[in-house]
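Chain naming here is simple, since letters A, B, ... match the order of the sequence lines and numbering starts at 1 in each.
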Amino acid sequence: MSNLGIPSRESNYADWYNELVLKADLADHSAVRGCMVIKPHGYALWENMQRALDDMFKATGHVNAYFPLLIPKSFFEREAEHVAGFAKECAVVTHHRLIEKPDGKGLMVDPNAKLEEELIIRPTSETVIWNSYTKWIQSYRDLPILINQWANVVRWELRTRLFLRTAEFLWQEGHTAHATYDEAETEALTILDVYRRFAEDWMAVPVLTGLKSENEKFAGADHTYCIEALTQDVRAIQAGTSHHLGQNFAKAFGTQFQSAEGKLEYVYATSWGVSTRLIGALVMAHSDDKGLVCPPKLAPIQVVIVPMGRDEAARALTHPVADRIAQELIDLGIRVKVDKREKESPGFKYNYWEMRGVPVRIELGPRELESGQAVLARRDTGEKATVGLERVAEFARDLQATIQQSLRDRALAFREANTHRVDTWEEFAALFEGEGGGGFVVAHWDGTSETEEEISKRTKATIRAIPLKPLIPSDGEPGVCVLTGKPSKQRVVFAKAY
RNA sequence: CGGGGCGUGGCGCAGUUGGUAGCGCGCGUGCUUUGGGAGCAUGAGGUCGCACGUUCGAAUCGUGUCGCCCCGACCA
């Protein structure tokens, strides 16, 4: 019995999250520490995310390509900051053959099959990609290059959590090359906006957009933009990043082009990515103690129909009606599932699909057939409605948009209720006291890394974003740093982060 | 890498002073059931993480080792 449900968010947020991911059938642990199996239900969610994002990339002029998993170690030696950022968490391939052990019991690495140069399993692909770009780019006419790839990467993280931080994860990484700084800047901001729109319109997760501080920016970037969401335990979660790499990689790889004026110049670059971490952010934004709550636009199954009937004769009546409504829904473009399992009780099925986050359930039993009406239940609010059978499909279709909007409104209201503006250190420290989050804390900062580090040391909060536009007009006014009292140009957003 | 926990049927666990492994859930079959996580009957399923040691005898004791999970430190 006890293994049917999940812990409540209140009792133990971390356990709640973990159990939810497992019980909602999104993912499972694998044999290797920190790696996860993404199960069909979780992968379907990822596929829906991919499709939406991929369409948005294409619509902004990008094309897909694929670069190799293995990268020569020497490539990483070329960009100093980049190496420093990733060296500590690399998986390295050193050999290419296994042989039987001398005692015949099992396999061993063949010492004679050592690679001349070790290969790194990509933690990110800037280096392989720039190795190619250098060959591809001769002239300003070869620019811009606007390529994205869908791939897996490996980062040997010390501490992992399903979806939020796994040793291997799936993501997309865009890598673009431009003739000018301004064009690269526009690209980085275009993608930032794509990410913001995806989070808000598809995931129903409102995000802050902004610049990362020097401490938080990508290893090898000139500057980094990000989207940041707020979880239900009031921590920040970085949901996507877009980096302006300046000429750093072009200089490291010698990527030059001849301008229209005939001068040799270094290329400007961007890179940007979102990963399966988005699934973690989505879970943490909307789900509840009954399991996953999935925004309809991304839900693998948008409507589940539960036909009821205590015997064969009753099922012979309800099943065809369920099938008919399912077909109507399919025709309306809705992803639908009819749960005809006979051994499971209706109550079991309700809980089962609620755990898996299906936005709308249609209950269809003898009573409904008799009255010519079906019962629809909303996953997000639990509300039930009774609707004439002729209108059920359209009603369920329309509910999708309602729920999508409602989830977003709710998440936005939650974020606003957990965004605090403070001006004194006492208030600031009080918000971050203890184990919990603290929400988004909008405060003045003197702009130095030293101050950010000191604040982080004292409170565990870091700067999540330096807003590009003030969240409210007064955020853009000058003030004094919440810690040092030194002058500050604008407020920035602090939070404890995942 | 530090702290904690755990390795026993698919999952969750019990197993006393060492005596040859059990419970719940799940699974198969049958019957009765089905409107918020059904019941009864019956059946299948385990080299007790691994190695070495102590012993007539080890899931149990000792030593070593491997792995996983959680909390930190680290970090897209």
Side-chain angles (χ1 to χ4, degrees), chain A residues 1-7 12-15 17-19 22-23 28-36 82 84-90 105-106 122-124 126 153-171 173 212 215-221 224 226-228 236-243 271-278 280-281 290-291 306-312 314-315 318 339-355 361 363-371 374-375 377 382 384 435 456-457 460 462 497-498:
Chain A
M1 286 294 171
S2 63
N3 63 352
L4 286 172
I6 54 176
N12 187 330
Y13 193 82
D15 282 353
Y17 174 81
N18 256 313
E19 286 289 303
L22 298 172
K23 295 235 168 85
D28 199 0
H29 293 286
S30 77
V32 176
R33 188 194 69 85
C35 292
M36 68 174 168
H82 192 63
F86 287 102
K88 288 169 291 183
E89 51 187 41
C90 286
K105 292 179 186 164
R122 62 184 165 212
T124 179
E126 275 78 5
V153 289
V154 170
R155 298 179 186 177
W156 213 266
E157 300 286 353
L158 298 180
R159 171 132 153 66
T160 58
R161 303 191 63 182
L162 293 169
F163 288 115
L164 297 176
R165 181 170 288 105
T166 45
E168 178 190 8
F169 56 93
L170 305 184
W171 74 346
E173 45 180 329
K212 282 292 181 199
N215 289 359
E216 297 279 329
K217 78 172 187 190
F218 177 72
T224 290
C226 64
I227 57 172
E228 293 276 334
I237 179 163
Q238 182 174 295
T241 46
S242 178
H243 318 291
S271 70
W272 28 274
V274 294
S275 71
T276 37
R277 173 181 249 203
L278 288 176
K290 291 167 126 182
V306 180
M308 286 173 266
R310 59 180 68 217
D311 52 35
E312 201 62 48
R315 289 194 287 268
T318 56
D339 187 351
K340 291 182 181 171
R341 288 177 293 177
E342 292 179 7
K343 294 285 159 76
E344 280 74 19
S345 69
F348 179 91
K349 292 178 182 178
Y350 299 168
N351 285 290
Y352 181 93
W353 293 110
E354 281 165 358
M355 181 65 76
R361 177 181 73 241
E363 302 172 8
L364 204 60
R367 272 188 230 158
E368 282 72 23
L369 295 192
E370 187 135 341
S371 65
V375 173
K384 289 193 178 187
E435 285 304 301
S456 161
K457 214 167 78 183
K460 296 197 174 166
T462 50
Y498 270 102

> If you check every side-chain atom of A:K88, which of B:C74, B:A38, B:C68 has the closest atom?
B:C74
> Within the supplied structure, the quantity of interest is the number of heavy atoms (other residues, nucleotides, ligands) at a distance under 6.0 Å from A:R33 CZ; does it exceed 12?
yes
> Across the strands shown, which category fits A:P366 at heavy-atom distances under 4.0 angstrom: base, sugar-phosphate, nothing?
base
> Please compare A:G34 and A:A497 by the position of their nearest nucleotide in RNA chain B and report the one closer to 5'.
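Its nucleotide being nearer the 5' end, the pick is A:G34.
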> Tell me if the side-chain of A:E354 makes a donor-acceptor pair with the base of B:G37, cut-off 3.5 Å, by modelled atom types.
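No pair found.
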> Categorize A:F86 for me: base, sugar-phosphate, or nothing, with a 4.0 angstrom heavy-atom threshold over every strand shown.
sugar-phosphate
> Starting from C1' on B:A38, measure out to OH on A:Y352 and report it in whole angstrom.
18 Å
> Return the pairing partner of B:C1 with a 3.5 Å limit on both distances, Watson-Crick or G-U wobble; otherwise return none.
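Here B:C1 is engaged in a pair, and the nucleotide opposite it is B:G72.
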> Could you state the CD-P distance from A:E342 to B:A38, rounded to the nearest angstrom?
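Result: 16 Å.
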> Salt bridge or not for A:E312 and A:R315, using N-O below 4.0 Å?
yes
> Could you tell me which nucleotide pairs with B:A38 by Watson-Crick or G-U wobble geometry, both distances under 3.5 Å, or answer none if nothing does?
B:U32
> Please confirm whether the backbone N or O of A:M36 pairs with a side-chain atom of A:H29, one donor and one acceptor, at under 3.5 Å?
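Not a single qualifying donor-acceptor pair exists.
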> Who is the Watson-Crick or G-U wobble partner of B:C25, with both distances under 3.5 Å?
B:G10
> Can you tell me, in whole Å, how much space there is between the P of B:G45 and that of B:G10?
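Pairwise P distance, B:G45 against B:G10, rounds to 12 Å.
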> Nearest-Å distance, NZ (A:K340) to C1' (B:U34)?
17 Å
> Taking atom P of B:G36 as reference, at what distance in whole Å does atom CZ of A:R341 sit?
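Rounding to the nearest Å, CZ of A:R341 and P of B:G36 are 17 Å apart.
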> What distance do A:Y17 atom OH and A:L22 atom CG have between them, rounded to the nearest 0.5 Å?
9.5 Å
> Using every non-hydrogen atom in the two residues, find where A:K212 and A:Q238 come nearest and quote the distance to one decimal.
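Looks like CE-OE1, 2.9 Å.
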> Taking only the P atom of each, what is the distance from B:G30 to B:G62 in whole angstrom?
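Looking at atom P only, B:G30 and B:G62 are 49 Å apart.
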> For A:S345 and B:A38, is the shortest distance between a side-chain N/O and OP1 or OP2 below 4.0 Å?
yes
> Roughly how many Å is it from CG in A:N351 to P in B:U34, rounded to a whole number?
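Atom CG in A:N351 sits about 18 Å away from atom P in B:U34.
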> For B:G19 versus B:A59, give the span between their C1' atoms, rounded off to a whole number of Å.
13 Å
> Within this structure, what is the CZ-to-P distance between A:R367 and B:G35, rounded to whole angstrom?
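Whole-Å distance recorded here is 9 Å.
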> P atom, B:G39 versus B:U33: distance in rounded Å?
15 Å
> Return the nucleotide paired to B:A59: Watson-Crick means purine N1 to pyrimidine N3 with N6-O4 or O6-N4, wobble means G-U with N1-O2 and O6-N3, both under 3.5 Å.
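Across all strands, not a single nucleotide pairs with B:A59.
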> Please measure how far the P atom in B:C27 lies from the corresponding atom in B:C48, and state the result in whole Å.
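Per the computed distance, 27 Å lies between those P atoms.
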> For a quick check of understanding: with a heavy-atom distance under 4.0 Å over all strands, which category does A:S275 fall into, base, sugar-phosphate or nothing?
nothing
> Take atom P in B:G3 and the same atom in B:A44, then report the distance between them in whole Å.
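Each nucleotide's P atom is 47 Å from the other's.
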> What is the distance from CZ of A:R310 to P of B:U33, rounded to the nearest Å?
9 Å
> If the P atom of B:A14 is compared with that of B:U63, how far apart are they to the nearest Å?
22 Å
> Applying side-chain hydrogen bond (donor to acceptor under 3.5 Å, both in side chains), name anything that partners A:S271, two or more places apart in sequence or on another chain.
A:E126
> Measuring only the C1' atom in each nucleotide, how far is B:G22 from B:G15? A whole number of Å is fine.
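B:G22 and B:G15 have their C1' atoms separated by 7 Å.
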> Of the non-hydrogen atoms in A:C90 and A:W156, which two are nearest, and what is the gap between them?
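So the minimum-distance heavy-atom pair works out to N-CB, 4.4 Å.
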> Check nucleotides 70-73 of chain B for protein N or O atoms closer than 3.5 Å to its own N or O atoms and list the pairs.
| residue | atom | partner | partner atom | Å |
| --- | --- | --- | --- | --- |
| B:C70 | OP1 | A:N18 | ND2 | 3.2 |
| B:C71 | OP1 | A:R159 | NH2 | 3.3 |
| B:C71 | OP2 | A:R159 | NH1 | 2.6 |
| B:C71 | OP2 | A:R159 | NH2 | 2.1 |
| B:C71 | O5' | A:R159 | NH2 | 3.3 |

> Rounded to the nearest angstrom, tell me the gap between atom CD in A:E344 and atom C1' in B:C27.
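After rounding, the gap between these two atoms is 12 Å.
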> Check every strand shown and say whether A:E216 touches a base, only sugar-phosphate, or nothing at a heavy-atom separation below 4.0 Å.
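Counting heavy atoms under 4.0 Å across all strands, no contact is made by A:E216.
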> Do the non-hydrogen side-chain atoms of A:R367 and A:V375 ever get within less than 4.5 Å of each other?
no
> Base, sugar-phosphate, or nothing for A:A239, non-hydrogen atoms under 4.0 angstrom?
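If one applies the 4.0 Å heavy-atom cut-off, A:A239 turns out to touch a base.
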> Is there a side chain to side chain contact (heavy atoms under 4.5 Å, CB included) between A:R341 and A:Y352? Walk through the geometry before answering.
CA-CA 12 Å; A:R341 288 177 293 177; A:Y352 181 93; 3.5 Å; yes
